[in-house]
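Worksheet: one structure, shown below.
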There are 2 protein chains.
Amino acid sequence: MSDNNYSTNNQHQGNDKLFSTENSTQNSEPVSQNSDKRCSKGLLPSSCNTCSLSNLCLPIAVTQNDISQLEDIIKQGKIIDRGEHIFSEHTPFRSCFAVRSGSIKTYVVSEEGEEQVTGFYLPGEIIGMDSMNTDAYSCSAKALEKSSVCEIPFDRFETLATQIPTLQHHFFQLMSKEIKESRQLSMLLSKNTAEERIASLLLSLSERFKRRKLSPTQFRLPMPRNDIGNYLGLAVETVSRVFTRFQKSGLITVQGREVTINDLDKLKDMLKHQTKCLS
Amino acid sequence: MSDNNYSTNNQHQGNDKLFSTENSTQNSEPVSQNSDKRCSKGLLPSSCNTCSLSNLCLPIAVTQNDISQLEDIIKQGKIIDRGEHIFSEHTPFRSCFAVRSGSIKTYVVSEEGEEQVTGFYLPGEIIGMDSMNTDAYSCSAKALEKSSVCEIPFDRFETLATQIPTLQHHFFQLMSKEIKESRQLSMLLSKNTAEERIASLLLSLSERFKRRKLSPTQFRLPMPRNDIGNYLGLAVETVSRVFTRFQKSGLITVQGREVTINDLDKLKDMLKHQTKCLS
DNA sequence: CGTCAAGTTGACTAATCTCAAAGAGCGTGG
DNA sequence: CCACGCTCTTTGAGATTAGTCAACTTGACG
């Protein structure tokens, strides 16, 4: 297997090594521990151009000039410490955020104070698109580890989107994708067993790591079992048992949050009879 | 209760009476039974202006002039017979559709040919937004009863949206809402019992009928139990049993697909401890 | 090295599914 | 206008998955 050629992505949390080769400019995390730090335009010449994630979060077809306009409105590289919030449910909606490094979970809280995890977001993915039709965020977003995000002020973005058709088009696509993925989660939850749900999550993570040129078969779960269970509608105990079962059958190797997928095809086969898995 | 003042919405399927008072111009269904019929511009001067649903599917703030531009690109009042498709999964994505009358279900089919219902759409709601990021529809849409839809060719719509900011804004909102609702479905499926799921669906329908000035407490279910179960991740038998239980407890009265909600508050209370119900 | 959070494991319970069969409703054609 | 056949719906009994409760293990970190 050629997996060994991938750069490892299982360092301890918050380690910026992950991105050091990807961001040629100095906007990776270590510069400041201050969670409120922002790269104000000009000071740190961070650029969407040189960001390796731009193929994920930016429209491919955008021109050089368009990108500078985007950079003008995007506040890049805000650092979020583990456990800190990017935004909270019910607070005024102002911006979407692109994850630049680390990992984010979104969740809502019921009247009884019970938490429901609604999603996990990795670098290159965008948070907040479910809040665009209201004045307030419809979920909270919290960093699962030390992370950094780029803020996209929405009113300015909307204006820009009317001026740059490809930008509008791209954003429509991103939102459409979000709808589709949420649909897929619904399907997963409505029809599938615990094992299938977890297989699906593992494959989803695998795919997303792969997109970022990281190993699709060996990675660190950014979230605790608790959050996995919450997200997939399973009890923590069930999650734990399924991991154990998977390990015993040789499908995967787990060591805490470190996961190695030993048989990717077999994992995919588990979802064969489904319409679609998570993405 | 003043519910009796609502116009009834439980006639047999395909009856256009539902909309005869709402569309002052002659674009309601009976004109032609040809399912391929389209109101070509000019022939039938159907208008988004006079459509009672425009407050649901059109941006509020759009001006008179904007509406005419919209009307130029929208093909209005296409008739779909019960069981007919509006579009099929994997066929080229060209248009979104606004439901004008009747009801539509969307679904995907797994490799084994198993169907998974992904949504129910009522007048004023828009189908196809989950396909905008691909060249092909990501689900199929089929009429649950005789229905009519307005076709929104997407490429022309995108162009128009760049010219009319409020239109773009409105569409962002619609898509955001779609994401949110799908999220809510996921949550419903991941945490709630059969009873809660069905209560949530009933409330969702109730709310949507109410928006259309129809009775929120007395309506006809547009879909069979089978589809309800499929959508909510329950066996048909479970759906049936829950309806029976609800009836026995006096919460609702069911007679086939006719439903009367006797205690709306109690129904809502069932979802009290949740983050949110369907919408 | 002690503490606390996270993860694992076992035994029991409960909700929902599956299988099976009967009953009701609706459209079609005679 | 009614009978037939189809689909939809209901109901029962038993099987199974996942949840709950409780205890124990592991690991991170000061």
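Lettering follows sequence order; numbering is per chain, from 1.
Taking a cutoff of 4.0 Å between a charged side-chain nitrogen and a carboxylate oxygen, Glu125(B) and Arg211(B) qualify as a salt bridge. A salt bridge links Glu115(B) with Lys105(B): at least one charged nitrogen is closer than 4.0 Å to a carboxylate oxygen. One finds no salt bridge joining Arg220(A) and Glu145(A) here, because no Lys/Arg side-chain nitrogen approaches an Asp/Glu carboxylate oxygen to under 4.0 Å.
Mapping Glu237(B) and Pro224(A) onto DNA chain C by nearest heavy atom places Pro224(A) at the nucleotide closer to the 5' end. Looking at which nucleotide of DNA chain D each of Thr238(B) and Ala194(A) is closest to, the 5′-most match is held by Thr238(B). Comparing Gln255(B) and Val239(B), the nucleotide of DNA chain C nearest to each residue sits closer to the 5' end for Val239(B). Summary of the strand contacts: Lys248(B) and Ser190(B) both lie near DNA chain D, and taking for each the nucleotide with the nearest heavy atom, the more 5' one is attributed to Lys248(B).
Between Leu232(B) atom CG and dA15(C) atom P the separation is 18 Å, expressed in whole Å. dC17(C) atom C1' lies 13 Å from atom CD of Glu114(B), rounded to whole Å. Between the NZ atom of Lys146(B) and the C1' atom of dC26(C) there is a distance of 18 Å, rounded to whole Å. The interatomic distance linking Lys191(B) (NZ) with dT16(C) (C1') rounds to 18 Å, in whole Å. Summarising the geometry, the separation between CG on Leu144(B) and C1' on dC26(C) is reported as 17 Å, rounded to the nearest angstrom. dG27(C) atom C1' lies 10 Å from atom CZ of Arg82(B), rounded to whole Å. In this structure, the CZ atom of Arg220(B) is 10 Å from the C1' atom of dC26(C), given to the nearest Å.
Reading DNA chain D from its 5' end, the first and the last nucleotide to sit under 4.0 Å from a heavy atom of chain B are dT9(D) to dA13(D).
Aromatic ring orientation, His85(B) versus Tyr107(B): tilted (interplanar angle from 30° to 60°).
What you find for Leu251(A) and Met270(A) is that their closest heavy atoms are CD2-SD, 3.9 Å.
In terms of phosphate contacts, Ser240(A) brings no side-chain nitrogen or oxygen within less than 4.0 Å of OP1 or OP2 of dT9(C).
Note on Gln247(B): nothing from the nucleic acid sits closer than 4.0 angstrom, heavy atoms only. When heavy atoms are screened at a 4.0 angstrom cut-off, Gly233(B) is found touching the sugar-phosphate backbone but no base atom.
Under 3.5 Å, the side chain of Arg241(A) and the base of dG10(C) form at least one donor-acceptor pair of N or O atoms.
Ser186(B) and Ser186(A) share a side-chain donor-acceptor pair at under 3.5 Å.
In this structure, Gln184(B) and Leu188(B) have side chains that are not in contact, with every pair of non-hydrogen atoms separated by 4.5 Å or more.
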